[in-house]
Amino acid sequence: MAAPVNIIVGSHVWVEDPALAWVDGEVFKISGEEVHVHTTNGKTAVANISKVFPKDTEAPPGGVDDMTKLSYLHEPGVLHNLAMRYELNEIYTYTGNILIAINPFQRLPHLYDTHMMEQYKGAGFGELSPHVFAVADVAYKAMMNEGKSNSILVSGESGAGKTETTKMLMRYLAYLGGRSGVEGRTVEQQVLESNPVLEAFGNAKTVRNNNSSRFGKFVEIQFDKNGRISGAAVRTYLLERSRVCQISNPERNYHCFYLLCAAPPEVREKFKLGDPKSFHYLNQSSCYALDGVDDAQEYLATIRAMDIVGISEEEQEAIFCVVAAILHLGNIEFAKGADVDSSVIKDEKSRFHLNMTAELLKCDIKSLENALIKRVMVTPEEIITRTLDPVAAVGSRDALAKTIYSRLFDWLVDKINFSIGQDPNSKQLIGVLDIYGFESFKLNSFEQFCINFTNEKLQQHFNQHVFKMEQEEYTKEEINWSYIEFVDNQDVLDLIEKKPGGIIALLDEACMFPKSTHETFAQKLFQTFKNNKRFIKPKLSRTSFTISHYAGEVTYLADLFLDKNKDYVVAEHQDLLTASKCSFVASLFPPSAEESSKSSKFSSIGSRFKLQLQSLMETLNSTEPHYIRCVKPNNVLKPAIFENASIIQQLRCGGVLEAIRISCAGYPTRRTFYEFLHRFGVLAPEILAGNHDDKVACQMILDKMGLKGYQIGKTKIFLRAGQMAELDARRAEVLGNAARTIQRQIRTYIARKEFIELRKAAIMLQSHWRGILACKLYEQLRREAAALKIQKNFRRHIARESYLTVRQSAITLQTGLRAMTARNEFRFRKQTKAAIIIQAAFRCHVAYSYYKSLQKAALTTQCGWRRRVARRELRKLKMAARETGALKEAKDKLEKRVEELTWRLQLEKRLRTDLEEEKAQEIAKLHDALHAVQIQVEEANARVIKEQEAAQKAIEEAPPVIKETPVIVEDTEKVNSLAAEVENLKASLLSETKAAEEARNACTDAETRNAELVKKLEESERKVDQLQESVQRLEEKLANSESEIQVLRQQSLAISPTGKSLTARQRTMILPRTPENGNVLNGETKDTTLALSNVREPESEEKPQKYLNEKQQENQDLLIKCISQNLGFSGSKPIAACVVYKCLLHWRSFEVERTTVFDRIIQTIASAIEVQDNNDVLAYWLSNSSTLLLLLQHTLKASGAASLTPQRRRATSASLFGRMSQGLRASPQSAGLSFLSGRGLSRLDDLRPVEAKYPALLFKQQLTAFLEKIYGMIRDNLKKEISPLLGLCIQVPRTSRASLVKGRSQSNAVAQQALIAHWQSIVKSLDRYLKIMKSNHVPPFLVRKVFTQIFSFINVQLFNSLLLRRECCSFSNGEYVKAGLAELEQWCSEATEEYAGSAWDELKHIRQAVGFLVIHQKPKKSLNEITKELCPVLSIQQLYRISTMYWDDKYGTHSVSSDVIAKMRVMMTEDSNNAVSSSFLLDDDSSIPFTVDDISKSLQQVDITDIDPPSLIRENSGFGFLLPRSE
């Protein structure tokens, strides 16, 4: 990043500032190597010219999304670019393929919703705005395409958003992989649910962060060969074990210790815990609590997290026993023993903690004590037991605590991995590394040394990757890069880890010598590395040393290095805990044969750390890396605050500036040929005017400028550091000279113009003065002559003015009054119209609400009633199976009717007795009537006897095979015939009563014949008694028949277990409703007896019934075969739909309870539309299904029990006459006569509603579903066809260099014609689909709906692409899209409103957005003008994004003013506070935008009378009803 030397007076530059890191200003003076700058904050700065960097004044105001595109790739340029983007809430920025993520400290849900995932899925890297999803998508695609595992390294200091970034990465990978986890939890959720547990046991407070991870976490998302997530695992690295025993002020130990000390009282009492200050491992620091964190609540949260992860209560108790044991272990102190170099437990307090430790670990107390203060040495001759001094015993104690805690943490990680579920067969994975960042505090110890060693390793890996990417870029462009120097930090790594002689090796060596101290260790370092340029010895300290890391110099205190590095693996500790009675503790320490054979083995934290780091690097080297650098913008953790100094330090620590140094070592500035010519073409206009290739033209310009060292690739120019500034200086010089030339010419022109105007004015003045002198004499001569004329004219003028004033006042007054009257009238009419509209809307709402509530109530009532009827029917069936209750009930009713008949006869007797004296003639007529009654009774008795004989004969003649079943029918028929006879008697009595009433009014001589009538009346009474006796006998026969029916039913059920026995209803004969046999509903005796006589012949009816069924089946087969072909259209009416409707109506299929014709029709339609991309077939069936559905909608009427299933629909009447009437109903196979009764089908309005049964209503629902499916298939096919074109229509392709030169209008016209070709392809697709639907006579209503949704889809796709891609938000791109939209508007006008409908209105978002892009003078527009006039449809979030992303690539104009941007940001903040959705993207609506009622209302009536049947069925006699009828 060496500063350029071509800084001149007037240059805009960056200079260092102690508060802001870098500040921009303008050079006003150069004194040798010193540069004097006026800064933008009003100060004057003086800096060395080598520390001044040029500023790109032409950089876009919203920054660039990839910092490799910066004209000047240096530290202040990077910082300024990040600041500008952060101000616009653009938190992601690329540096090549490295993603920089700045924590916004606020929710931005629109950046992470599912729609955003859909946008980035499959998109090329860099094609859309920078995003964490883009990095994850690149990793996933690389894994799938190359079959190699990938890794994503997320780094940054605490609070920078690493965990949130990791969460978003896993969310997106889960979206791509799409595997559901255990119990409905995704892999991402399971991994995140493990975070609280890992944080409790692996996080601690450090100097800068209250919740710093003290371990590295590598999350492996495992995939199968199909790219679906098959498992996951959490790998942990480099746990800071020394923190368990040693912490420095003001840090804390791991959270779990403090959580356990804040547990409920019963828990603390159980573990004998108290204040953290009482424990040695915790009181080394004065910090015990965290601000804003309640350890008691965190303890409960950790318990819940353990439950979620799957750790049982017993395991949880064992875990906290181990944690409490470590605390008690740290409080065991030692004193000198009686022997030399021996130690004992210091006091009773220490003895108590020893006992508690043994109790919690469930091990022997004496064994624990011996393991702490004794060592067993195994020699070839003997086993020697030696004691440890107090210092060595403390080291043994701390080693045991670190070992236990490390094993516990490893166990937790294994448990979490078991809970998540791993895939051992997975061959490829994507790993997400979340590890601590570079640390540099005022006091740095062994922990910071290990962490920074890790970051040096990762930085080397990062540097190699960046250099590799640079090489790939150079190789891709085919340029020479062999001499580019690679910036490497291997010397720092050698300083730390080299064997022998590295810092870690020297530290291990010092730890193995008992006499070593931190001072001797430091002196050893000073002697060994005195000549190393990376190692620095501080002047004022004997035990500190400084290492020059890639991120800066860090000074370490060596005071505790030796203590923190020791990590003895003691065999006594292993044996002690392996023998624990607690299975959990014993499982942490499985027996090891190697370790038990040795007394102890030295192991250091540094060496173990190095090995784990080596393992991590091997894992990373086996994967393809991707980098995300998280940045914390401020230390107060609040949004909209950008602290430059802090961010510069984080960029250094994150290696971003190191990556920039690598880029600057090569060719930091890269420009495409077009961009280079566009910017520097002014340096050689003669080259532009020539007909040169772009690459050749660039070469000529660079040669003319005399630049050396640059490279020209296949598509780009690569410039060395400083060459861009030199070209800009030359360009500024050319532009300055041109400006001076223009100014000189303009000033000459202005001076010349002023002189000519002055001379012209002087001549004019002289001429006028001479004229005045001549005129004065003339004026004097005519003054007197004109005086009277002047007075006359003046008086006339005064009168005229007065009149005009009065007239004007009158007109003004009239105008005002009329205007006021008109305004009042207009206001009244407007209010009246508004009131009418409000009333109409409210009445519509009230009516609709009432209709919906009524509909809901009707459905509820129907459901309840049907349930009640079904239950009642079930009870009746059960009762009928056990007893003959129904027949008894009929018997009781017969008795009641006989009693009623008797009562009426007695009443008649009394009436006749009373009328004997007054109306003798009436009684005479009554006598005749009684005589007629007697004859009828005798006839009835004779018929009863004949019926009995006929029934007996029929029973005897019945064949033996079906003997049981017909008895059921014949007995029931006997009962029915008897009941009919009683009804006839009742009717006869009614007619007799009428005759009596006529006799009372007609006769006067009844008194003379009174005696004879009395005798005949007595005879009638006797006959009535006889009739009663016969009725009683019939009742007895009825009872016997009931018992026989019950027995026969049971027998028939036993014989036919499948339940296929014939019922009375199924075996009744078809009764065609003809004039010969009358109407059954009229209740005539003739028809009833006819029906009963027909019922008695079950054998004879089977043959015609079977014949009818076969005939109907043949007709159905022929119909299905016919409609499976394309029958075409008659006029605009689809023939297939009309034929199907007429057949179903004629066959009365809508009124039957069981039929298969509906299912066969639906299957025919389903098989026809299996080929989803055949739009002709889809349009044909869309037309047919919509027409058929319209006919059904106007014809079918739901009956009261239509929603019940056919099996549950039974007759509700239990009476004898109810069953008789039920037996006379038409059977399901009734296909006798058309309901039209001799007249043909007419228009739709003439069709009477049909009581539709369940199959018909189900058919209607299925047809509706198919209509919606076909509609959706046509719409989606059109979407698929135009989707690739929309991606080409949103961004204007770059024109050739010819557009940079004037006078090439013809080539521009050809280019414009080529550019608009994509839009014309869309128009052609729309035309083709419209033609297909027109040719198939699809209703215009559906065509309008299709194109309305298609235009809505175009609006969504174009608008979302515009908001997601900054290169699309340009002026020229707005003009391009506007021209394309004009093509769509032209198509809408040509398609007419009948078919296009409101499709053009669906493009309102993209139209207004494009209108905003191409409007001029944006900075002068106020927020009110933008939101109310220009873009009223767009939300404030959408306007804000367009305004901040806009750039003018044609005229160089700016976007809206900063005040408008600030107001937009305030409004967005208010919206987020009010829970208003902050998403700026639109959603595509793929629902079905219509209902059956909408189709019924919008489509025209269908006249089906003149439809000629197809030739396949025209000659068939079964379809004769389809032929037109002659009048």
Side-chain angles (χ1 to χ4, degrees), residues 240-249 284 334 336 340-343 375 377 386-399 402 439-453 456 491-549 553-570 599-611:
E240 189 182 331
R241 302 172 64 186
S242 60
R243 182 173 290 271
V244 177
C245 307
Q246 294 154 333
I247 54 176
S248 57
N249 201 31
Q284 300 174 39
F334 304 94
K336 287 187 177 181
V340 180
D341 291 339
S342 66
S343 57
R375 286 291 176 270
M377 300 181 64
R386 68 180 182 88
T387 57
L388 303 177
D389 60 9
V391 176
V394 168
S396 175
R397 177 200 68 189
D398 292 345
K402 289 187 286 188
E439 291 186 354
S440 177
F441 305 138
K442 289 183 179 179
L443 300 177
N444 301 286
S445 187
F446 182 68
E447 294 84 357
Q448 282 70 46
F449 176 78
C450 293
I451 289 170
N452 293 341
F453 173 42
E456 284 285 358
D491 52 350
V492 182
L493 296 175
D494 292 340
L495 172 68
I496 296 174
E497 66 173 349
K498 187 176 182 181
K499 279 190 176 183
I503 293 177
I504 293 179
L506 294 177
L507 180 60
D508 290 347
E509 181 183 340
C511 289
M512 285 189 284
F513 289 99
K515 302 297 183 180
S516 295
T517 64
H518 55 275
E519 294 181 353
T520 60
F521 168 65
Q523 293 302 320
K524 182 71 172 176
L525 293 179
F526 297 153
Q527 293 174 7
T528 307
F529 304 116
K530 59 183 178 181
N531 295 326
N532 194 311
K533 62 180 181 179
R534 293 283 192 170
F535 187 90
I536 304 171
K537 177 184 177 183
K539 296 180 180 179
L540 301 178
S541 175
R542 298 183 59 192
T543 60
S544 298
F545 61 93
T546 302
I547 297 178
S548 178
H549 291 286
E553 296 180 354
V554 180
T555 301
Y556 301 98
L557 295 177
D559 295 4
L560 296 177
F561 264 54
L562 272 66
D563 296 335
K564 292 183 177 181
N565 186 51
K566 293 177 181 178
D567 183 28
Y568 289 98
V569 179
V570 182
S599 60
S600 65
K601 178 182 177 183
F602 173 76
S603 174
S604 70
I605 296 288
S607 299
R608 185 187 297 269
F609 199 91
K610 192 169 117 179
L611 291 175

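Every heavy atom of this structure was used, including side-chain atoms; hydrogens, water molecules and symmetry mates were not.
- Under the 4.5 Å side-chain criterion, counting only non-hydrogen atoms from C-beta, L388 is in contact with S396.
- Dense packing is recorded around CZ of F526, with more than 12 heavy atoms of other residues, nucleotides or ligands lying under 6.0 Å away.
- The side chain to side chain contact (heavy atoms under 4.5 Å, CB included) check on T517 picks up E519, T520, with sequence neighbours excluded.
- Across N444, L557, I503, V554, a single residue satisfies side-chain contact (heavy atoms from CB on, under 4.5 Å) together with F449, and that is I503.
- With rounding to the nearest 0.5 angstrom, the SG atom of C450 is 12.0 Å from the CZ atom of R241.
- For E439, the salt bridge (charged side-chain N to carboxylate O under 4.0 Å, His left out) partners two or more places apart in sequence, or in a different chain, are R214.
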Go through L562 and L507 one step at a time and tell me if the side chain to side chain contact (heavy atoms under 4.5 Å, CB included) criterion holds.
CA-CA 7 Å; L562 272 66; L507 180 60; 3.9 Å; yes

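- Between E447 atom CD and E240 atom CD the span is 4.5 Å, to the nearest 0.5 Å.
- Heavy-atom minimum distance, S604 versus D508: OG-OD1, 2.6 Å.
- In this structure, N565 contributes its side chain and F561 its backbone to no donor-acceptor pair below 3.5 Å.
- Taken from CD in E553 to CD1 in I536, the straight-line distance is 3.5 Å, to the nearest 0.5 Å.
- Relative ring orientation between F545 and F521 is described as perpendicular, the plane-to-plane angle rising above 60° on a 0-90° scale split at 30° and 60°.
- Screening S440, S544, S541 for a side-chain contact (heavy atoms from CB on, under 4.5 Å) with T555, the sole residue that qualifies is S544.
- The shortest distance between side-chain heavy atoms of F334 and R397 falls below 4.5 Å.
- Under the 4.5 Å side-chain criterion, counting only non-hydrogen atoms from C-beta, E497 is not in contact with E456.
- Here OH of Y556 is found 5.0 Å from CD1 of I547. Values are rounded to the nearest 0.5 Å.
- The CG atom of N532 sits 9.0 Å away from atom CG of D494, with the distance rounded to the nearest 0.5 Å.
- We find the OG-CG distance between S242 and D398 to be 10.5 Å, quoted to the nearest 0.5 Å.
- Judged as a salt bridge (Lys or Arg N to Asp or Glu O under 4.0 Å), the pairs with a partner in residues 532-545 (not counting sequence neighbours) are, in order, D491-R534.
- The backbone N or O of I247 lies less than 3.5 Å from a partner atom in the side chain of Q284, making a donor-acceptor pair.
- Here the closest non-hydrogen pair linking S342 and P390 is O-CD, 3.8 Å.
- Q527 contributes no side-chain N or O that, together with a main-chain N or O of K524, makes up a donor-acceptor pair within less than 3.5 Å.
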